[in-house]
Amino acid sequence: MKKNILKISLIGFVVVCAGVYTFINELVEPPALRTPASHPANYESLKGCEKQNVLWQKIQETRVTTLPLPELRKFGFFQFLAMTRQELEIKGQNISDFAPTGWKKLIHSRGAVAKVKLDITDKHYSGVFSGAECALLRLSLTFKPGGSKGVAPGLALKVLRDGTHSANISALYGIDGQGEDFNFFRNTLSNIVDPGKTFGAKMMHNLFEKASPFPEEIKIEDMALIDAAGKQVTNPVIPRRIFFVPTMTNQFLSSEHDVREDFLKIPAGTALYEIHLASPDGKDLRKVGHIVTASEFTSSEFGDSGLFFRHQFKY
């Protein structure tokens, strides 16, 4: 009798789990948003600025034109379960600028994108760190702030290169964020951050260990190996760490508001971040230039769901 009850209980548990995962698939991301956007068959062979034009057109086609902007998506138990089902290795393996079929952006899910350029004055480091005219910058919060979740700014930079894959880097202030300060530009962002201290941050650490033994570090080696013209560097000079130092630290409110509306106020031609690079041994830290906006920021469904930023994981 007890064995039968146990079997029934196990079957019931499996059925419930299957139902929950089905619910997650449909609730977290509408199926219509999982199909990669169509793009030219010769996309990878295009010049970097031509690729930027293709991506920007798709961003503009799905641009949000009215306020308020679509609500920031919550990140909770169901979203975390959904992430456990994703093959996080894809984040490091997919070199396309377009999100693959089935990929769901469960963190940093709502943001805004602008065309930018890398205005480099100190060309000590190689690759795109010698300068790039055509890139995209996406700004977003890791998740919707509230409760135990602080305001957690993050950026993703995509440098479009001629005839080859793009150079990508993501940066954060910290896994746990900056508390209740809604000034997105309050703190410097980096590709290497300390492990978070909250329970949620520790769970995310364990989850991303599936993809890399160093979840809090994204490598920038690929950015230094190929320049914006698509030329392989013979003797690359590679930094280990990048810092994005905001130039508009005191120009936005710290009180609660939708930070994306701040992004939409930033005009083209703004030197938004200083770029600082650190040597592998950490002894040499130098300011090398700026990220300069070449357009206004745009909130876009394609920018949120279709544009893909690769992580170069450390192994």
Side-chain angles (χ1 to χ4, degrees), residues 48 52 55-56 59 108 111-125 127-142 151-161 166-175 177-178 181-193 217-220 222-224 228 239-254 259-279 284-299 303 307 309-312:
Q52 186 193 56
L55 296 172
W56 192 248
I59 288 169
H108 298 283
V113 185
K115 294 192 288 187
V116 298
K117 65 178 181 178
L118 273 59
D119 184 11
I120 304 297
T121 53
D122 182 340
K123 301 187 179 183
H124 172 76
Y125 290 102
V128 301
F129 295 124
S130 62
E133 287 296 315
C134 295
L136 294 173
L137 179 68
R138 184 175 186 268
L139 305 180
S140 64
L141 297 179
T142 306
V151 178
L155 68 74
L157 174 67
K158 178 181 292 293
V159 181
L160 288 312
R161 301 187 283 206
S166 61
N168 297 267
I169 189 63
S170 296
L172 301 171
Y173 165 62
I175 303 299
Q178 56 189 37
D181 188 344
F182 278 77
N183 181 352
F184 187 93
F185 301 100
R186 177 67 68 198
N187 294 295
T188 296
L189 309 182
S190 179
N191 64 311
I192 304 175
V193 297
E217 178 171 353
I218 302 295
K219 294 177 65 176
I220 52 178
D222 181 65
M223 302 186 78
R240 182 191 174 200
R241 193 168 186 182
I242 186 169
F243 296 91
F244 298 94
V245 181
T247 63
M248 306 179 74
T249 306
N250 298 312
Q251 297 190 31
F252 296 103
L253 297 175
S254 293
V259 298
R260 293 171 298 170
E261 294 187 18
D262 293 339
F263 307 157
L264 303 185
K265 299 173 185 175
I266 299 171
T270 300
L272 191 57
Y273 286 99
E274 296 177 0
I275 302 173
H276 295 241
L277 296 174
S279 60
D284 179 36
L285 176 64
R286 59 178 69 200
K287 174 185 172 183
V288 300
H290 290 85
I291 292 180
V292 180
T293 58
S295 74
E296 296 180 345
F297 278 88
T298 295
S299 177
L307 189 62
F309 293 87
R310 176 183 175 236
H311 284 185
Q312 188 181 7

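Here, residue 1 is the first one in the sequence, and each next residue gets the next number.
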Are Ser140 and Phe263 side-chain neighbours, meaning at least one heavy-atom pair lies under 4.5 Å? no
With the side chain counted from C-beta on, respond yes when Leu157 and Ile169 share a heavy-atom pair under 4.5 Å apart, and no when they do not. yes
Could you point out which residue of Ile242, Thr121, Ile120 forms a side chain to side chain contact (heavy atoms under 4.5 Å, CB included) with Val288? Ile120
Here the gap from Asn191 atom CG to Glu217 atom CD, rounded to the nearest 0.5 Å, amounts to 6.5 Å
For a quick test of reading the model, state the closest non-hydrogen atom pair linking Ala132 to Ala228 and the distance between them. CB-CB, 4.0 Å
Exercise: do Gln178 and Asn187 side chains pair donor with acceptor under 3.5 Å: yes
Just how far is it from atom NE2 of His276 to atom CZ of Phe244, taken to the nearest 0.5 Å? 11.0 Å
Answer whether the closest heavy-atom distance between the side chains of Lys287 and Asp122 falls below 4.5 Å. no
Nearest non-hydrogen partners of Ala167 and Met223, listed with the distance: CB-CG, 3.9 Å
If you compare all heavy atoms of Arg161 against all heavy atoms of Asp222, which two are closest, and at what distance to 0.1 Å? NH2-OD2, 2.8 Å
Identify the heavy atoms of Ser166 and Asn168 that sit nearest to each other, and give their distance. OG-ND2, 3.0 Å
Any chance you could measure Ile266, atom CD1, to Leu272, atom CG, to the nearest 0.5 Å? 5.0 Å
Should Leu155 and Ser170 count as side-chain neighbours, where that means a heavy-atom distance under 4.5 Å? no
Criterion side chain to side chain contact (heavy atoms under 4.5 Å, CB included) against Lys117, the qualifying member of Val292, Leu137, Val159: Val292
Where do Leu55 and Val113 land on the side chain to side chain contact (heavy atoms under 4.5 Å, CB included) test, with the steps shown first? CA-CA 11 Å; Leu55 296 172; Val113 185; over 6 Å; no
Calculate, to the nearest 0.5 Å, the distance between atoms NE2 and OG belonging to His124 and Ser130 respectively. 13.0 Å
Would the distance check show the side chain of Arg260 and the main-chain N or O of Ala112 forming a donor-acceptor pair, the cut-off being under 3.5 Å? no
Would a distance-only check, ignoring hydrogens and angles, find a side-chain to backbone donor-acceptor pair under 3.5 Å from Arg138 to His108? yes
Would you confirm whether Thr293, through its side chain, and Gly269, through its main-chain N or O, come within 3.5 Å as a donor-acceptor pair? yes
Looking only at heavy atoms, what is the nearest atom pair of Phe184 and Leu141, with distance? CD1-CD2, 3.9 Å
Other residues, nucleotides and ligands only: do more than 12 of their heavy atoms fall within 6.0 Å of OH on Tyr173? no
Looking at Thr249, is its backbone amide N or carbonyl O close enough to the side chain of Asn183 to form a donor-acceptor pair, meaning the two atoms are under 3.5 Å apart? yes
Can you tell me how far CG of Leu139 sits from OG of Ser299, rounded to the nearest 0.5 angstrom? 11.5 Å
Taking all heavy atoms of His290 and all of Ala271, pick out the closest pair and write down the distance. CD2-CB, 3.9 Å
Determine, step by step, whether Tyr273 and Val116 satisfy the side chain to side chain contact (heavy atoms under 4.5 Å, CB included) criterion, reporting the C-alpha distance in whole Å, the side-chain angles of both residues, the deciding distance to 0.1 Å, and the verdict. CA-CA 11 Å; Tyr273 286 99; Val116 298; over 6 Å; no
Working to the nearest 0.5 Å, report the span between CG of Leu285 and CZ of Phe243. 6.0 Å
Stepwise side chain to side chain contact (heavy atoms under 4.5 Å, CB included) test for Asn250 and Arg186: CA-CA 7 Å; Asn250 298 312; Arg186 177 67 68 198; 3.2 Å; yes
Given the side-chain rings of Phe185 and Phe252, with only the six-membered ring counted for Trp, is the space between their centroids under 6.0 Å? yes
Between Leu172 and Leu189, is the side chain to side chain contact (heavy atoms under 4.5 Å, CB included) condition met? List the steps. CA-CA 5 Å; Leu172 301 171; Leu189 309 182; 5.6 Å; no
